[in-house]
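Residue numbers count from 1 along this sequence. Just so it is clear, the model here is predicted, and its values are computed rather than measured.
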Amino acid sequence: MVASARVAASLRRAALSSRPSPCIKNIRPALQVRWKTEATTSASSEPLQPDAKGGVKGDPATAKSIKFTSDSYPHIQRESKFAKLTEKHIQYFQELLDSESAVLDGVTKDATEDIEPFNIDWMRKFRGHAQLVLKPSTTEEVSRILKYCNDNMLAVVPQGGNTGLVGGSVPVFDEIVINMQKMNNIRSFDDVSGILVADAGVILEVADNFLAEKQHIFPLDLGAKGSCQIGGNVSTNAGGLRLLRYGSLHGNVLGIEAVLPDGSIIDDLSTLRKNNTGYDMKQLFIGSEGTIGIITAISIQCPRRSPAINVAYFGLESYEHAQKAFRAAKGQLGEILSAFEMMDGRSQKILKEVAGTKLPLEGDHPFYCLVETSGSNTDHDSEKLQNFLEHVMEAEIVSDGVLAESQTQVAELWACRERITECLGHWGGVYKYDLSLPIAQMYELVEDIRDRLTKQGLLGDTNEHPVVDVVGYGHMGDANLHLNVPVRRFDKAVEKSLEPYLYEWTSKRNGSISAEHGLGVSKKPYIGYSKSATMIKLMKQIKNLYDPNGILNPYKYI
């Protein structure tokens, strides 16, 4: 057993570097390019910037080297019912939007370079053939655009910040991109109720900074918050770091304004927390990925911003101990617990070796956890967190721990979790899977996949093995596992070993094949592992009811 006095002294020591760690969660790697490959895996991939020779030493390869989605997924064929863009169509949109910057026209002139960023996702995995990008400024303009497209059988793709991971926000063929960046006004905020009403194109970080001035907080935090838009967040039901404390967008969004494919405007921007008058229609649009309508504005409940933030980081001997620590955190920290992140020792070792980061704790531990509390009283919350850590160390649940003593140290501890993704791409590429599983079985999948790839001769320390390792980390408080397979090269044998095996594994344990990133193009074929035939039938009926012509975000979702 560890003496209480010794534990308290250990927790107070400054075991962190005095240098501020760069805050990377707001940085969007805008120039990343996916390795040229025949890969069609449903996994997300986050490589470095390969040069023209496929290495990482020279200048990044050009966007034109990225494979078209239509080539990577040859089973997806353009639907013949959709019309081809003509000069007449272009003229209508130019007259409607009456701004050169609002219409990027690649039909009547060469606008390839201007349109290319809207054709490619930020991971450089998906690439479409769009020849027209429209940037409406009002809901009425969105309405007129969709009505015209529906009447003329022109397929469209709604697009926000384009930071998704499953190809849901970029075209597959020549669909028209409707980008929401010009709809970026904050309409109102009530500092008594904490209810924000804002256009869909407002950047998440802008919304959060606005709320910070009002001592409130947006109930969502993402690594891409400097680029993603709140309308896109809602349409994909984004999760992130604050879900444990504030819940999902299904619970926080009070109302939406949206436009249906036929141009009808749904005006449901309710600012009421209670409204028991029939079907809650907005819930259909949260997580629908732009397949039944385009969200143009939202009203959302925003909690008070906590003035007291505390963060602790500790090492544990097993995943079983991590579960015990989480159970104790829920019991002892209760209402102030805002994050409980789990990282395996392999991910922290990679962080240490690739980034040259000195970890906060001495020695190596099989597992690490990061705990954050958010409250209103610094002294009260600090004492509560320290008492929790003393308890889990005295009970020999936690092997060692450190408590941040400054904002710099808070950032450094969070960097141990947030910089993992950046470092996993060191060897060239990563297969990433975003899954929900029963907490007790979350890490079993990581161990199973690691053992499977090792037995098949795909994982090893030398270059003939494509797989470097298999690591797991994620939001333990939400039972959300990020399974990552860093590779030296993308390899068909690896993909065949991973899919659909890991989806079958997840399905047998009543998990979800997508915890936060949605379905898009890449996970559409695998929806049956998480939804029954009856559920899929109902989803298709809803799609056909709202979008009978199928013009909204085709080839995706279901």
Side-chain angles (χ1 to χ4, degrees), residues 78 82-121 126-164 167-185 199-203 227-232 235 257-266 285 289-297 547 549-556:
R78 187 185 186 280
F82 295 136
K84 295 275 190 179
L85 278 166
T86 66
E87 190 171 343
K88 179 182 177 182
H89 298 145
I90 301 300
Q91 183 178 356
Y92 172 83
F93 293 124
Q94 287 174 336
E95 291 175 355
L96 170 63
L97 299 180
D98 194 28
S99 170
E100 187 173 343
S101 64
V103 180
L104 300 181
D105 167 25
V107 177
T108 64
K109 60 183 179 181
D110 182 10
T112 304
E113 290 187 6
D114 293 332
I115 293 176
E116 203 69 77
F118 303 91
N119 260 324
I120 302 172
D121 72 312
F126 302 96
R127 183 183 178 198
H129 301 268
Q131 296 177 287
L132 179 65
V133 176
L134 304 177
K135 300 178 185 179
S137 299
T138 67
T139 301
E140 289 69 27
E141 288 180 350
V142 175
S143 172
R144 292 179 66 183
I145 289 171
L146 283 184
K147 185 180 188 312
Y148 183 87
C149 290
N150 196 54
D151 291 345
N152 290 274
M153 289 301 294
L154 295 168
V156 302
V157 175
Q159 187 178 91
N162 200 12
T163 59
S169 60
V170 288
V172 176
F173 296 103
D174 56 347
E175 302 91 87
I176 298 170
V177 174
I178 302 178
N179 186 279
M180 305 298 288
Q181 64 183 243
K182 287 195 170 188
M183 295 189 63
N184 57 6
N185 295 315
D199 286 350
V202 173
I203 301 293
S227 302
C228 64
Q229 299 171 9
I230 60 176
S235 70
E257 178 186 82
V259 182
L260 298 180
D262 66 359
S264 300
I265 297 174
I266 297 177
F285 292 82
E289 299 182 41
T291 58
I292 60 174
I294 298 180
I295 295 174
T296 53
D547 184 19
N549 288 333
I551 67 163
L552 264 178
N553 224 1
Y555 318 112
K556 302 164 188 173

Minimal non-hydrogen separation, Pro136 against Val142, with atom names: CG-CG2, 3.6 Å
Taking every heavy atom of Leu552 against every heavy atom of Ile292, the minimum-distance pair comes out as CD1-C, 3.5 Å
Would you please indicate yes or no on a ring centroid separation below 6.0 angstrom for Tyr148 and Phe93? yes
Pro171 and Phe126, any side-chain heavy atoms less than 4.5 Å apart: no
Nearest 0.5 Å please: distance from the OG1 atom of Thr296 over to the CD atom of Glu140. 8.5 Å
Distance alone, cut at 3.5 Å: any donor-acceptor contact between the side chains of Lys556 and Asn553? yes
Nearest-0.5 Å distance that lies between atom CG in Asp262 and atom SG in Cys149: 12.5 Å
Could you tell me whether a side-chain N or O of Asn119 sits under 3.5 Å from a main-chain N or O of Arg127, the two making a donor and an acceptor? no
Atom CD of Glu100 and atom CD of Gln94: how far apart are they, to the nearest 0.5 Å? 8.5 Å
Asn549 side chain to Ile551 backbone, donor-acceptor under 3.5 Å: no
side-chain contact (heavy atoms from CB on, under 4.5 Å) assessment of Leu97 paired with Leu134: CA-CA 8 Å; Leu97 299 180; Leu134 304 177; 4.1 Å; yes
Are Asp105 and Lys109 ion-paired here, with the side-chain N under 4.0 Å from a carboxylate O? no
Interatomic distance, OG@Ser137 vs CG@Asn185, rounded to 0.5 Å, equals 9.0 Å
Which atom pair, heavy atoms only, marks the closest approach of Gly290 to Ser235? N-CB, 4.3 Å
Taking the side chain as every heavy atom from C-beta outward, state whether Thr291 and Asp547 have any pair of such atoms under 4.5 Å apart. no
Taking Val259 as the fixed residue, which of Ile145, Leu146, Ile178 is the one that meets the side-chain contact (heavy atoms from CB on, under 4.5 Å) rule? Leu146
Student check: side-chain heavy atoms of Lys135 and Leu104 closer than 4.5 Å: yes
Using a 3.5 Å distance criterion without hydrogens, assess whether the side chain of Asp174 forms a donor-acceptor pair with backbone atoms of His129. no
Pair Lys182 + Asp199: basic N to acidic O under 4.0 Å: no
If we ignore angles and hydrogens, is there a donor and acceptor under 3.5 Å between the side chains of Glu95 and Gln91? yes
State, to 0.1 Å, how close Ala130 and Val177 come at their nearest heavy-atom pair, and which atoms those are. CB-CG2, 4.0 Å
Nearest 0.5 Å, please: how far is CD1 in Ile176 from CG in Leu154? 4.5 Å
Between the side chains of Gln159 and Asn179, is a donor N or O closer than 3.5 angstrom to an acceptor N or O? yes
Minimum heavy-atom separation for Ala200 and Met180, please, with both atom names. CB-CE, 4.4 Å
Donor-acceptor contact present, side-chain Glu175 to main-chain Phe173, <3.5 Å: yes
Exercise: do Ser169 and Asn162 side chains pair donor with acceptor under 3.5 Å: yes
For the atom pair CG (Leu260) and CZ (Phe285), what is the distance rounded to the nearest 0.5 Å? 5.0 Å
Residue pair Thr139 / Glu257, side-chain heavy-atom distance below 4.5 Å: yes
Of all heavy-atom pairs between Val157 and Gly168, which one has the smallest distance, and what is that distance? CG1-O, 4.3 Å
